[in-house]
Number of protein chains: 2
Amino acid sequence: MDDSGAPTAARGGGIEARRPGRARVLRTIRQHTQVARVDIARETGISPATVTAITADLLSEGLIERISPDAGERPKTSRGRPREALKIRGAAHLVAGVKVSQGAITVLLVDFEGRELGTQEIPRAERRSSAAALVDQIALAVDRACHAIGLDPARVSAVGVGLAGYVDGLRGLVHWSSALTERNVPLADLLSQRVHYAVFIDNDANLVATAEHLFGRGQALRTFLVVTIQHGIGLGVVIDGQLYRGARGCGAEFGHTKVAPGDGAACQCGQRGCLEAYTSEYALLRQAEEVGAGTFTDMAALQEAAAQGDAGIADLLSAAGEYFSMGLANLINIFDPELIILAFEAAGNHPLCQPEIVEAVHSKVVQVDVAPPEIVVHNWGDRMWAKGAAAYGIERLTHLLVEDLGAP
Amino acid sequence: MDDSGAPTAARGGGIEARRPGRARVLRTIRQHTQVARVDIARETGISPATVTAITADLLSEGLIERISPDAGERPKTSRGRPREALKIRGAAHLVAGVKVSQGAITVLLVDFEGRELGTQEIPRAERRSSAAALVDQIALAVDRACHAIGLDPARVSAVGVGLAGYVDGLRGLVHWSSALTERNVPLADLLSQRVHYAVFIDNDANLVATAEHLFGRGQALRTFLVVTIQHGIGLGVVIDGQLYRGARGCGAEFGHTKVAPGDGAACQCGQRGCLEAYTSEYALLRQAEEVGAGTFTDMAALQEAAAQGDAGIADLLSAAGEYFSMGLANLINIFDPELIILAFEAAGNHPLCQPEIVEAVHSKVVQVDVAPPEIVVHNWGDRMWAKGAAAYGIERLTHLLVEDLGAP
DNA sequence: AGGCATTAATTTGACAGAAAAAATAATTCT
DNA sequence: AGAATTATTTTTTCTGTCAAATTAATGCCT
């Protein structure tokens, strides 16, 4: 039963995916927030006996806990032994999510259940900084967030960090990011060496996808896409219940897929004809200026101008919509996902978030006698991004705890 | 050991992927054509003991066989007990690959090792036929192919069928195909009911991907793409060692991704601006006629005309190249694969198969400090397509034999 | 109140897949 | 012939899982 000194090193068990049962059970509990063992068994197909065994392990490891009978709400409709609900034990671990954007670093502290414990935002002096400086800033931000709610930073188990750019999440490598002055920065390692907690980094669109998978609309789905519209345009791909990363670790660069041949609009990335060059806020603002319609501060101003009858701007916006719907339709044609989630900052008014866009997308999708995937819109403010990073931290940490062989 | 009457029903073992060890061992043997147990163990990470156990099973089931010492070639360089090579037992099963194209049905008979035993081509009277007629034609073609080489058709274990269109391979359903007059045809079931062998169907691009995965350049790879250029343009996606099929079973419609906004060129599929409408042979021939350059019979004639200085045609072809390179670049930007295989019929001369295209693709791919994926070209004549179908048949049959629990 | 029906959870016994360790087999080298 | 070496097989052990039986906790009924 307990450690009797004998080495319990790696013996039996599969090679590829370790202890799949444990992972599925824990994931099921997370999905349902609270759920009885019978239901876990029914849902996963694992036998009740094994569910008991696995949950007993998880209980003894402190990762989950029983829910006190809680006289308050009794279903009362059922006879028989009452089911005992289980839930994730929030106190098991403290996780931070960090979103690095151009103007600030946003930190969100959550417990192992995903409940928000506190948040902190510290401004960044420069838009781009050296790797060393960024590491300092992140470490500092996490510490401050802890102190702000009276928690010892030493209790943090894991931190998820999200930043825009080409990020190889598995290797913890930032090929390029608009937040860094250097290229090919092993950011996860650098930060790890400075702090005591586990560090996981990824492209920010992947973080949103993870968050939707773990806590949002993607929970019950196997295959879905998340398109993020922020400064640039990002894509997170979940295939068969798993985040897809390309061979080089930096796949899904949707924003830089080409939508115009030849000499299309110039993009930040140095190439031409990128989707982002036609649809992102920064590109549209620049183009509006170029067509001589004056200077604008944000998307809302552009919309206002278009509504006032500025034909040049209206053209820009309608072209953006056309290209965007083209890009989305192509994603559907290629991936045939169950669902597409659009993550906008200010969804309601964004020109790429109008019902006509969805209609246009459907008109460009290959027609078969099965309904095309649904397209939904979610609001993702700056702090939601941090929450995505936290979700990613939880997921990777859970993976360590559940699938790898026990740490001493 | 043997059936003693007791029900050996489903007991232990995982829930999702059954007997992964067996599958990996068999796949490894297939990849290497012949390989010793030690090497299987080293390569797969499975212990030698387990490899012995698994191969013993496979031997007793007749799926593999030992290679006779074969005094001919002795490495002689090593001491110790000589390794005993294993190989797939070709005689274990007879599999047919069927390629349905507009003018003919091509059948290729192979053994379980993938060695070609015979081939047969029967013409089709109409380009499109009813499901019932097609089923008849396929069954007949397989029978004829067997008789032609003196084999009893009853010995055929499985048949893989490939056809162009929107095909849901797992459910055996043809949403739409240019070879059929009807929609939503459960072709696999219909054919199954008429014959004794197992029937597996799929989109033809998926078959090529399977063939490359099983026998070709994709053998050692986890993630690669196959783009087929025939009548239309197809895409097969292998992710993490597995063929990717979308949620509705008909993903990867690369030919109908949109490359031009608004009122682009009209496509066979009824929509506008599809890649296929700019790059496929039938579309280019029609457009050449429309620009008044006369009537052409095939791609080679177009190239000839362009070379002779017909500017209109040269424009058409260069636009085709531009759009095609755009499409390929977008695939890389989105999937970040290890390799892209272009499957052409007459590769050498095809205008989409020139070195400039590959260059153009690389100039449109997101730049990170890792080399972009290689792009290779393979020749796929009509009978190679049938071979792809055969590979698919072998793969699915193997899956039945290896991963499912023993049949009585 | 006491027994019965019902549902949930646990215990028990067994088995399959896989690995470590030990044994055996088939060679070459000395 | 014997030692060294490498490959394969056998033996033992371990882990995850399951089916069946058992125990637990409750409501319903008389």
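Just so it is clear: chains get the letters A, B, ... in the order the sequence lines come, proteins before strands, and each one is counted from 1.
Going from atom CD1 of B/Ile46 over to atom P of C/dA19 covers 6 Å, rounded to whole Å. Atom CG in A/Leu58 sits about 13 Å away from atom P in C/dT10, given to the nearest Å. Nucleotide D/dC14 holds its P atom 16 Å from the CZ atom of A/Arg19, rounded to whole Å.
Under the side-chain contact (heavy atoms from CB on, under 4.5 Å) criterion, B/Ala49 pairs with B/Ser47, not counting sequence neighbours. Applying the salt bridge (charged side-chain N to carboxylate O under 4.0 Å, His left out) criterion to A/Arg155, with sequence neighbours excluded, gives no partner residue. With sequence neighbours excluded, no residue forms a side-chain hydrogen bond (donor to acceptor under 3.5 Å, both in side chains) with B/Gln31. Taking A/Asp240 as the reference, A/Arg222 meet the side-chain contact (heavy atoms from CB on, under 4.5 Å) condition, with sequence neighbours excluded.
Applying the salt bridge (Lys or Arg N to Asp or Glu O under 4.0 Å) rule to pairs touching residues 85-97 of chain A yields A/Glu65-A/Lys87, A/Lys87-A/Glu113, sequence neighbours excluded.
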Worksheet item: How does protein contact run along nucleotides 4-10 of chain D, one letter per nucleotide 5' to 3', with B for base contact, S for sugar-phosphate only, - for none, heavy atoms under 4.0 Å?
Response: SBBBSBB
